[in-house]
Amino acid sequence: VNAAVKIQSGPATLFMDGDEIDSNAQTLLINTNTNRNVSMGGTTGRVGIGTTTPAARLDVNGDMRVKGQPMVRIRRFENIGNDANKDTGISATDYHCVITGWAAHYDILENNAQTNMFWTYVNPTTNTWWYRVVFPSHNTHENPDIDVLCFRTEIASYTGNRNLNNP
């Protein structure tokens with residue numbers, strides 16, 4: 001097997017060709033500019049990790065993490081009560097979180113047309129995501145379950161007031 005590595009003058013570029021003779025050889029270009037930014041791409045413009053045939057610009061075949069943590073987290077909180085205001089324990093620096101689902105035994109005739117509410121917010125004292133649940137029922141047997149969905153801050157953005165805890 002022939003292999004070639006070529007470092008050319010000018011901008012810092014490393015050109016690697018696994019087999020110069022094979023017309024199907026994949027090339028990997030690693031470019032570093034003066035700001036020390038690194039870009040990678042092959043002749044197809046696609047980069048594969050754990051795959052030799054990437055189907056997209058970045059194709060990862062395996063687990064992905066950011067700073068050792070999952071990119072997306074889903075946490076279920078069960079039987080939380082009709083008026084709950086609790087810490088999820090999830091860092092507001094690392095994740096953006098929202099409530100995505102809920103379930104409860106519910107009798108629509110019990111709340112006198114008031115609104116059931118669920119939301120997440122950041123507690124500035126703990127810098128963690130909290131959830132707030134309000135079921136204005138005269139009975140307290142709903143005890144909802146909620147799902148909190150969180151995305152790493154590196155892959156998601158959040159707009160609006162994250163500290164809103166009492167609408």
Side-chain angles (χ1 to χ4, degrees), residues 7 11-16 26-106 111 114-137 140 142-167:
I7 300 175
T13 302
L14 173 61
F15 175 81
M16 298 168 57
Q26 295 292 313
T27 58
L28 172 65
L29 298 171
I30 303 173
N31 296 308
T32 306
N33 65 22
T34 55
N35 294 327
R36 298 181 189 252
N37 296 321
V38 176
S39 61
M40 255 178 21
T43 55
T44 62
R46 298 176 180 169
V47 175
I49 300 173
T51 178
T52 57
T53 55
R57 286 251 189 231
L58 176 61
D59 189 351
V60 178
N61 182 11
D63 295 339
M64 293 181 13
R65 294 190 170 259
V66 175
K67 296 181 181 175
Q69 297 296 316
M71 292 184 5
V72 179
R73 293 179 67 181
I74 303 171
R75 237 176 120 191
R76 175 160 293 161
F77 297 90
E78 299 176 353
N79 291 320
I80 59 178
N82 289 16
D83 190 17
N85 188 31
K86 297 183 180 177
D87 190 350
T88 67
I90 298 171
S91 165
T93 302
D94 298 331
Y95 288 93
H96 297 303
C97 298
V98 295
I99 292 176
T100 58
W102 66 276
H105 295 288
Y106 178 64
N111 73 356
Q114 296 180 44
T115 304
N116 296 323
M117 296 180 284
F118 305 87
W119 68 97
T120 56
Y121 69 95
V122 174
N123 182 317
T125 304
T126 61
N127 196 37
T128 55
W129 284 95
W130 286 55
Y131 62 82
R132 182 83 170 93
V133 175
V134 177
F135 264 63
S137 170
T140 58
E142 282 89 358
N143 293 319
D145 300 339
I146 62 167
D147 292 331
V148 176
L149 174 65
C150 303
F151 295 91
R152 286 291 301 191
T153 56
E154 293 87 353
I155 65 166
S157 65
Y158 191 100
T159 58
N161 183 356
R162 294 180 356 149
N163 297 333
L164 179 67
N165 64 7
N166 196 6

Colleague: Measuring from atom CG of Asn163 to atom CH2 of Trp130, what distance do you get when rounded to the nearest 0.5 angstrom?
Modeller: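 Interatomic distance, Asn163 CG to Trp130 CH2, rounded to 0.5 Å: 13.0 Å.
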Colleague: Check Val122 against Pro124 and note the closest heavy-atom contact, atom names and distance.
Modeller: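 Closest heavy-atom pair between Val122 and Pro124: O-CD, 3.3 Å.
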Colleague: Taking salt bridge (Lys or Arg N to Asp or Glu O under 4.0 Å) as the cut-off, I'd like each qualifying pair that reaches into residues 67-78, sequence neighbours left out, listed once.
Modeller: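 Applying salt bridge (Lys or Arg N to Asp or Glu O under 4.0 Å) to every pair that reaches into residues 67-78, excluding sequence neighbours, yields Lys67-Glu154, Arg76-Asp147.
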Colleague: Determine, using ring centers only, whether Phe151 and Tyr95 are less than 6.0 Å apart.
Modeller: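 Judged by ring-centre distance (under 6.0 Å), Tyr95 and Phe151 do not meet the cut-off.
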Colleague: Are any non-hydrogen side-chain atoms of Tyr131 and Phe77 less than 4.5 angstrom apart?
Modeller: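 Side chain of Tyr131 against side chain of Phe77, heavy atoms only: contact under 4.5 Å found.
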Colleague: What are the two closest heavy atoms between Pro144 and Val133, and how far apart are they?
Modeller: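 Between these two residues, the closest heavy atoms are CG-CG1, 3.8 Å.
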Colleague: Quick one: does Asn82's side chain have a donor or acceptor within less than 3.5 Å of a partner on Asn143's backbone?
Modeller: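 Judged by distance alone, yes, a pair lies under 3.5 Å.
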Colleague: Does Leu58 reach the side chain of Ile49, with side-chain heavy atoms less than 4.5 Å apart?
Modeller: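 Side chain of Leu58 against side chain of Ile49, heavy atoms only: contact under 4.5 Å found.
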Colleague: Kindly give the heavy-atom pair with the smallest separation between Thr153 and Ala92, and that separation in Å.
Modeller: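 Scanning both residues completely, I find the closest heavy atoms to be CG2-O, 4.4 Å.
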Colleague: After noting the C-alpha distance and the side-chain angles of Trp129 and Tyr158, does the key distance pass the ring-ring contact (aromatic ring centres under 6.0 Å, His included) rule?
Modeller: CA-CA 13 Å; Trp129 284 95; Tyr158 191 100; 5.5 Å; yes
Colleague: Any side-chain heavy atom of Val72 sitting closer than 4.5 Å to one from Leu149?
Modeller: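 Answer yes - side chains close enough.
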Colleague: If we only count heavy atoms from C-beta on, is the Ile80 to Ile146 side-chain gap below 4.5 Å?
Modeller: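 With C-beta onward as the side chain, the pair touches.
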Colleague: If we ignore angles and hydrogens, is there a donor and acceptor under 3.5 Å between the side chains of Asp87 and Thr128?
Modeller: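 Thr128 and Asp87 do have a side-chain donor-acceptor pair below 3.5 Å.
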Colleague: Contact between Met71 and Arg65 at the side-chain level, heavy atoms closer than 4.5 Å - yes or no?
Modeller: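 No, too far: nothing below the 4.5 Å cut-off.
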Colleague: Cut-off 3.5 Å, side chains only: do Asn127 and Ser91 have a donor facing an acceptor?
Modeller: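 Side chains of Asn127 and Ser91: no pair found under 3.5 Å.
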Colleague: Centre of Phe118's six-membered ring, under 6.0 Å away, within 45 degrees of the axis: is that where NZ or CZ of Arg132 sits?
Modeller: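 That pair does not qualify as a cation-pi contact.
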Colleague: To check you understand the geometry: which heavy-atom pair defines the closest contact between Asp145 and Asn79, and what is its length?
Modeller: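 That would be OD1-N, 2.7 Å.
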Colleague: Testing the 3.5 Å rule here: is there a donor-acceptor pair between the side chains of Arg162 and His96?
Modeller: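 His96 and Arg162 do have a side-chain donor-acceptor pair below 3.5 Å.
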Colleague: Using the benzene-type ring in the case of Trp, are the ring centres of Phe135 and Trp102 under 6.0 Å apart?
Modeller: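 They qualify: ring centres under 6.0 Å apart.
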